[in-house]
Amino acid sequence: MIGRCLISAAVVASTTIAATAWFKVKSPRDTIRVTGSATQRIVSDLIEWDSTIRHTASTRAEAYRVVRKDVDATVAYLEDKGIAAEDIRVSSASVNAYFDVEYEQVGNEAVSHSRLAGFEARQTVTVTSHQVELVERVSREVSALLDQNIPIESSAPRYHYTGLEDLKIEMLAAAADDARLRADEILAAAGDAERGDLVATQMGVININPANSTATSWDGQNDKTSLHKDIMTIVHVVYEVD
């Protein structure tokens, strides 16, 4: 009987030791998760601007002829203002028929009929240039062509930064440095702990906003409406704690 009890006790003890050892092997090391960020102001170095001219006429050929004449005058105006010819691109002309709807009373019902009213021709002039200030100014002054009876429709310029891909890499590195510093500061303030090895890192979305805007999006922002922009990068990092 005593022997059986000793054997049973030994089995229980060995089971407890095994269970304890298994727990220690499987228990994760302490970690700290931090988010680092970096922001930098950039100035767009490329501008893109569209202006559209459209005309209507009774025939397809006449609509195209008039719009072509006004496009040539617009290109001459832009070059006279100092915009380089190689920065100006003219789209293919599109000419489409348009119709008026007429109604005819048939009995108690009004029956509609489409009647050819004419043709509309349109063509777009696009300027893409590194002369940002010049093109920005011309885009504001181009309404002067209206005085020449050129029905020009000017779109808002779009602003780009051509060094964005290289800058994104620099900004992500800066955000990672910020995350490392945050981890060190938190651990130093918390007590007797130090930052250990890097466990995981994840790049957050990159937001490019108009200057002084803090808008964010799950898909990231890429503002093209502002000359001055702020690029914001975020990195999520996990470190072991020693």
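What you see is a predicted model; the values in this text were computed from it and never measured.
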Quick one: which residue pairs count as a salt bridge (Lys or Arg N to Asp or Glu O under 4.0 Å) with a foot in residues 72-90, not counting sequence neighbours?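 Listed by first then second residue: Arg68-Asp72.
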Could you check Glu136, Lys229, His228 and say which one makes a side chain to side chain donor-acceptor pair (under 3.5 Å) with Tyr159?
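The side chain to side chain donor-acceptor pair (under 3.5 Å) with Tyr159 is passed solely by Glu136 among Glu136, Lys229, His228.
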As an exercise, state the distance from [atom1] of [X] to [atom2] of [Y], rounded to the nearest 0.5 Å.
| X | Y | atom1 | atom2 | answer |
| --- | --- | --- | --- | --- |
| Lys224 | Ile208 | NZ | CD1 | 10.0 Å |
| Asp197 | Thr31 | CG | OG1 | 12.5 Å |
| Leu46 | Leu164 | CG | CG | 12.0 Å |
| Ser94 | Glu120 | OG | CD | 7.5 Å |
| Thr128 | Ile83 | OG1 | CD1 | 10.5 Å |
| Ile186 | Leu181 | CD1 | CG | 11.0 Å |

Practice item. Verify whether one side chain among Thr162 and Asp45 offers a donor that lies under 3.5 Å from an acceptor in the other. Key: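 Checked: Thr162/Asp45 side chains pair up, N/O donor to acceptor below 3.5 Å.
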### Query
Is it true that the side chains of Trp49 and Ser154 contain a donor and an acceptor less than 3.5 Å apart?
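Result is yes, a qualifying pair exists.
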Indicate yes or no for a side-chain donor-acceptor contact from [X] to the backbone of [Y] under 3.5 Å, with no hydrogens or angles considered.
| X | Y | result |
| --- | --- | --- |
| Arg60 | Val95 | yes |
| Gln123 | Ser91 | yes |
| Asp70 | Ile150 | no |
| Asp242 | Glu194 | no |

- prompt: So which heavy atom on Pro210 is nearest to which on Thr225, and how close?
  reply: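 So the minimum-distance heavy-atom pair works out to CG-OG1, 4.4 Å.
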### Smallest separation among heavy atoms of Ala179 and Val34, with atom names
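The pair with the smallest heavy-atom distance is O-CG2, 3.3 Å.
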Subject >> With Arg54 via side-chain hydrogen bond (donor to acceptor under 3.5 Å, both in side chains) - residues at least two apart >> reply: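 Listed in chain order: Glu153.
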Going hydrophobic residue to hydrophobic residue with side-chain gaps under 4.5 angstrom, can you get from Leu78 over to Val132?
->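 Yes, Leu78 connects to Val132 through the hydrophobic network.
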| Same cluster for Met232 and Met171 if Ile/Leu/Val/Met/Phe/Trp/Tyr side chains link at under 4.5 Å? |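 In one cluster with Met232: Met171, no.
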Are there more than 12 heavy atoms of other residues, nucleotides or ligands under 6.0 Å from atom CD of Glu109?
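No, because the 6.0 Å sphere around CD of Glu109 holds 12 heavy atoms or fewer from other groups.
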Review point. Considering residues, nucleotides and ligands other than Lys168, do more than 12 of their heavy atoms fall under 6.0 Å from its NZ?
Key: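 It does: Lys168 NZ has more than 12 such atoms within range.
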For this session: Decide yes or no on side chain to side chain contact (heavy atoms under 4.5 Å, CB included) for Val43 and Leu227, but give the supporting numbers first.
Result: CA-CA 6 Å; Val43 181; Leu227 175 63; 4.2 Å; yes
